[in-house]
Every structure is written in C-alpha cells, then in structure tokens.
Amino acid sequence: MWELPKDPMLLLSVVNTKLRDFYPTLDAFCDETSTDKDALVDKLKGIDYEYDSSANQFV
C-alpha cells in the first residue's frame, strides 16, 4: 500500500488527481485507500482547501 504525501500541497495534488481519475467521491477514495477522512479534510483545511462534493475535488 502506498502512503499519502505528508506535505499538504503535494497531498492536495495527489488527492485531487486520484479523485478526478479514479474515485467518484471522497468517501470512495478514503474507503478504498484506508485513509482517515477527517484527518485528510483537517490537513487540507489547514491550507485553506475544502472538499466540494459537486466538483469532487478540494478547492
């Protein structure tokens, strides 16, 4: 299993790419990759990004 980047900006890029290319929702991404959704959302909120379900990406 691969590990998500620790750097928030790299994390943003990787997660948005995965959401765009492979997963229909953030929940699907978190379930399939065993990612703690709350921790992910909090980390990206720390750099002023929030998940937009209609766009299926962090904006």
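Below, all heavy atoms of this structure are taken into account, side chains as well, without hydrogens, waters or symmetry copies. In what follows, residues are counted from 1 in the order of the sequence shown. What you see is a predicted model; the values in this text were computed from it and never measured.
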Here the gap from R20 atom CZ to T17 atom OG1, rounded to the nearest 0.5 Å, amounts to 5.0 Å
Side-chain (N16) to main-chain (F58) donor-acceptor, under 3.5 angstrom: yes
Can you name the side-chain contact (heavy atoms from CB on, under 4.5 Å) partners of A28, sequence neighbours left out? Y23, P24, T25
Work out which heavy atom in K6 is nearest to a heavy atom in K43; give both atom names and the distance. O-NZ, 2.5 Å
Restricting to side-chain contact (heavy atoms from CB on, under 4.5 Å), what partner residues turn up for D52, sequence neighbours left out? S54, A55, V59
Rounded to the nearest 0.5 Å, what separation is found between the CG atom of L12 and the CD atom of Q57? 9.0 Å
Does atom OH of Y51 have more than 12 heavy-atom neighbours, drawn from other residues, nucleotides or ligands, at distances under 6.0 Å? yes
Is there a path of hydrophobic side-chain contacts, each under 4.5 Å between heavy atoms, that joins L4 and L10? no
Suppose we screen for side-chain contact (heavy atoms from CB on, under 4.5 Å). Which residues come up paired with K37, at least two apart in sequence or across chains? L26, D27, C30, V41
How long is the gap from CD1 on I47 to CG on D7, to the nearest 0.5 Å? 8.0 Å
Taken to the nearest 0.5 Å, the spacing of L44 CG from L40 CG works out to 5.0 Å
